[in-house]
Each structure stands twice: as structure tokens, then as C-alpha cells.
Amino acid sequence: MSYKGLIHKYKDFLPVTDKTPELSLQEGNTPLIPLEHLSKEWGIELFVKYEGANPTGSFKDRGMVMAVAKAKEEGSKAIICASTGNTSAAAAAYGARAGLRCLVVIPSGKVALGKLAQAKMYGAEVFEIEGNFDEALQMVRKLSEEEPLTLVNSVNPFRLEGQKTAAFEIVDALGSAPDVLAIPVGNAGNISAYWKGFKEYHEKLGSGLPQMQGFQAEGAAPIVNKAVVKNPETIATAIRIGNPASWNFALEAVEQSSGGVNSVSDEEIVEAYHLLARKEGVFAEPASCSSIAGVWKLVKSGQLAPGTKVVAVLTGNGLKDPETAMDTVTVNPVKVSNQLEDLREAMKGCVLQ
Ligand code: F0G
């Protein structure tokens with residue numbers, strides 16, 4: 001039988017009633033790719049959960065399909081979210097699919113180009129504030145209490161319900177939970193959702209529990225520093241967040257799993273971003289690569305025993321942020337005329353004899 005999306009596949013684990021519409025863009029069912037080169041170099045068994053393969057190119061589709069289906073079930077006419085970009089793309093797409101009006105509030109100048117293009121294409125109404133994500137979230141939370149708008153940020157519990165299905169897929173693919181789950185942390189919804197998913201599967205199937213290792217960008221690392229960051233800054237704009245809404249859930253996940261939350265610098269993120277693309281042929285957006293940068297850090301500090309089975313979550317597609325790709329790549333195309341001999345000359349040194 002063909003795949004019909006998350007709500008259909010995992011309905012026994014989701015808050016689905018006979019009134020919940022079977023909304024789907026066939027989200028989920030994303031690849032778990034073994035990283036052969038990096039596994040060998042680092043002496044571990046490393047996989048990536050490639051969430052960039054979702055219909056709007058990020059893990060947000062998992063939570064959004066559930067949140068929008070429930071909004072529709074409850075008779076809502078409009079959804080609203082604050083976003084660093086991916087949530088707005090997913091909200092706009094599922095809003096369009098479900099016939100709901102979609103309002104998105106984003107930090108001006110800090111949303112990657114592809115994400116902004118998506119929100120506009122899917123027909124969302126976009127509001128750019130002179131402020132950061134944390135301020136935008138505060139505003140939409142208040143608005144949704146006072147106006148007939150359904151909030152679809154991850155403080156909406158249906159979001160985490162949908163997102164926990166990624167943990168199910170990892171266990172389904174590996175036969176049991178990995179030793180370690182490495183994951184980027186921004187607003188901290190996703191780490192909380194994965195932990196919920198692993199726990200629920202374990203209770204039902206005895207599938208084991210991973211150690212949860214979360215990674216924040218150094219300039220936006222409130223959980224690591226145990227203090228709100230007023231002006232978060234990082235090249236990884238998706239996780240440019242200084243006061244995560246699911247802070248406590250994230251702490252619970254790392255404490256219960258004997259894991260941790262650590263930070264990685266922008267340089268380390270960019271290094272991992274390039275390494276992944278060049279060595280493994282996997283293109284993920286910068287924020288996603290904080291999980292790989294973090295794994296490399298744990299390997300270097302001897303915190304991952306040889307052979308440890310690690311799944312790193314790559315939360316968003318590299319194509320979301322073409323500007324960062326172009327800005328951080330040092331090799332440019334060689335300009336050539338339309339003459340074959342000029343091309344042959346220009347290629348000298350590239351072609352093996
Ligand atoms: N990676 C990407 C690509 C993201 O877009 C986000 C969050 C995260 C990681 C962090 O996930 O917030 O659950 O800890 N993006 C949100 C947005 C904030 O608005 O798209 P988290």
C-alpha cells in the first residue's frame with residue numbers, strides 16, 4: 001500500500017479522532033542515511049535523519065500537519081506563527097492545503113531566502129518585525145489569546161505530537177533506538193518531541209532509549225549558559241533564539257537520558273556544513289549542521305566510544321539558504337568563452353591523464 005503521510009501511518013500514537021481530517025502532503029518517511037566516510041574517520045557508526053526531504057524541506061512538516069489538521073477539526077479559520085523561517089514555510093503550505101488563512105511573523109532581515117520565497121508562494125500574509133524571534137513569539141502568543149487565530153508554534157502541543165514520529169521512524173529503520181541522538185536546539189521543541197517519541201515507542205515495544213545530545217549555536221546558547229540571551233546572533237539563523245519556549249522539556253530530555261546540551265561556534269557549524277556536502281553528498285542548512293559539528297566535538301573530546309551508534313538530525317534542506325552557501329564557498333566557477341579549446345585549456349590540471 002502506498003504511503004499516505006504521518007497521520008495515517010502513526011494514528012495509533014497520535015491524538016487523532018474520527019473527526020480529524022486526513023491532511024497530508026506525504027510528509028515524513030524521510031531517509032536515514034549512513035555516513036560512510038565520516039563514520040570511518042571518526043570511528044563511530046553515524047547516520048543522518050535527512051529531514052530536508054520533507055515536502056517543504058524541513059522537519060516542521062511533521063508537527064504542522066498535525067497542528068493544522070487539529071485546527072481544521074476545531075473549526076479554526078486562520079493560523080498564526082512566529083518563525084525564523086521554516087515554521088512559516090510549513091504553516092503556509094499546510095494552511096494552503098487545508099484552506100486556512102495563514103499569518104506569519106518573522107524577524108526582519110534574518111530569514112533565509114528560500115524560506116521567505118516559500119511563505120510568499122504558499123500565499124501566507126507575512127509580517128516582518130523590527131525584532132528577533134523571541135519577541136515575535138511573545139507577540140503571536142498574546143494575539144492568539146485575544147483574536148480568533150490558532151497558534152501553530154511548537155507551544156501548540158499538537159506540534160510536538162507530530163514531530164515525535166521522527167523518533168518512531170528511526171527506531172523502525174534501525175530495529176531499536178540508537179545509542180545517541182544528536183540534534184540542533186533552537187526553541188527546543190524538536191528535542192522534546194524526539195524524547196517523547198522514543199519514550200512512547202520504548203514503553204510499547206521495548207525499543208530502548210538513546211542519550212539525547214542537543215546543540216545550540218554559541219551566540220544563541222541560553223540553555224548551555226543557563227541564562228536568556230537578549231540579542232542572539234549566529235550564522236545559523238534558524239536557531240537564532242535566546243529564550244526557548246520548551247526550555248524545561250529540553251532539560252528533562254537530557255537529564256532523563258543522561259545526555260547534554262552543548263554549544264558549537266559558527267566556524268564549527270560552517271566546517272560541518274561543508275564537510276557534509278563534500279564528503280557525503282548531503283546538503284543541509286547551517287542550523288542543521290550544528291548536530292554534526294556537535295558530534296565531531298564529542299568525538300574529539302573522547303565522549304563517544306568507538307562504534308557508538310549515533311543518529312544526527314539534519315533538520316532542514318541546504319537549498320533553503322542559498323545565500324549562506326554562496327557566501328561561505330571559496331571556489332567560484334571558472335569563466336570561459338564558447339570555444340572548445342578554451343574550455344580544454346581552462347580544464348588543464350582538473351582532468352586526469
Ligand atoms: N533546525 C532548523 C532548520 C530549524 O528551522 C529549527 C527551528 C531548529 C533546527 C530548531 O528546532 O526550535 O524545535 O529547537 N526553527 C523554528 C522556525 C524556530 O521558526 O522555523 P527547535
Side-chain angles (χ1 to χ4, degrees), residues 48-54 56-64 67 80-93 104-107 110-112 114-116 118-119 124 126 129 132-137 140 151-156 159-160 162-164 166 181-197 212 214-217 220-223 232 234-251 253-254 261 264 269 272-273 283-294 312-321 324:
V48 286
K49 182 66 173 159
Y50 191 69
E51 290 292 278
N54 275 298
T56 78
S58 89
F59 72 97
K60 303 286 182 179
D61 294 346
R62 295 180 184 275
M64 205 54 75
I80 188 168
C81 67
S83 182
T84 56
N86 281 323
T87 297
S88 61
V104 309
V105 183
I106 56 173
K110 297 289 181 182
V111 170
K115 303 174 188 179
L116 194 54
Q118 288 180 292
V126 181
I129 64 153
N132 60 33
F133 169 83
D134 303 290
E135 292 164 321
L137 182 58
V140 298
L151 183 64
V152 294
N153 278 105
S154 56
V155 290
N156 175 330
R159 278 279 311 277
L160 299 198
Q163 282 173 216
K164 75 185 180 190
L181 192 280
I183 185 166
V185 174
N187 212 23
N190 212 23
I191 189 171
S192 311
Y194 268 80
W195 183 236
K196 189 170 196 293
M212 302 294 286
F215 297 97
Q216 299 193 295
I223 300 179
T234 168
I235 193 168
T237 52
I239 53 171
R240 185 175 168 270
I241 294 172
N243 189 10
S246 296
W247 194 323
N248 287 333
F249 286 145
L251 284 181
V254 297
V261 181
V264 286
I269 290 173
Y273 178 53
F283 188 22
E285 69 169 284
S288 301
C289 299
S290 64
S291 64
I292 294 293
V313 183
L314 295 181
T315 44
N317 196 304
L319 293 169
K320 292 261 190 184
D321 189 356
T324 303

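Each ligand, and each atom within it, is numbered from 1 in the order the structure gives.
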Decide whether an N or O pair under 3.5 Å exists between [X] and ligand 1.
X	result
Lys115	no
Thr315	yes
Gly186	yes
Ser83	yes

I need the atoms of ligand 1 closer than 4.0 Å to a non-hydrogen atom of [X], numbered in the order shown.
X	result
Ile241	18 (C)
Gly189	13 (O), 14 (O), 21 (P)
Thr84	15 (N), 16 (C), 17 (C), 18 (C), 19 (O), 20 (O)
Glu285	3 (C)
Val185	14 (O)

Is it the case that the side chain of [X] and the backbone of [Y] share a donor-acceptor pair, with hydrogens and angles ignored and the cut-off at 3.5 Å?
X	Y	answer
Asp321	Glu285	no
Asn153	Val155	no
Thr84	Ile239	no
Asp134	Gly242	yes
Ser291	Val313	yes

Within-4.5 Å side-chain heavy-atom neighbours: Arg159 and Lys60
yes
Which residue and atom name correspond to the protein heavy atom nearest [atom], and how close is it?
atom	value
atom 11 (O) of ligand 1	Phe59 CZ, 3.5 Å
atom 13 (O) of ligand 1	Asn190 N, 2.8 Å
atom 8 (C) of ligand 1	Ile239 CG2, 3.6 Å
atom 4 (C) of ligand 1	Ala238 CB, 3.6 Å
atom 20 (O) of ligand 1	Thr87 N, 2.8 Å
atom 12 (O) of ligand 1	Asn187 N, 2.7 Å
atom 16 (C) of ligand 1	Lys60 NZ, 2.9 Å
atom 5 (O) of ligand 1	Asn86 ND2, 2.8 Å

Could you check whether Lys320 and Gln118, counting side-chain N and O atoms only, form a donor-acceptor pair closer than 3.5 Å?
yes
Test item, Ile191 contacting ligand 1 (heavy atom, 4.0 angstrom)
no
Should Ala188 be listed as contacting ligand 1, given a heavy-atom distance under 4.0 Å as the test?
yes
Which of Ile129, Val104, Val105 passes side chain to side chain contact (heavy atoms under 4.5 Å, CB included) with Val140? Answer is Val105
Under the side chain to side chain contact (heavy atoms under 4.5 Å, CB included) test against Ser290, which residue among Ile269, Val185, Thr315 passes?
Ile269
Gap between atom CE of Met212 and atom CG of Leu251 - 0.5 Å precision
12.5 Å
Heavy-atom closest contact (Arg240 atom, Pro107 atom, distance):
NH1-CB, 4.4 Å
Looking only at heavy atoms, the pair that brings Ile191 and Gly214 closest together is CD1-CA, 4.0 Å
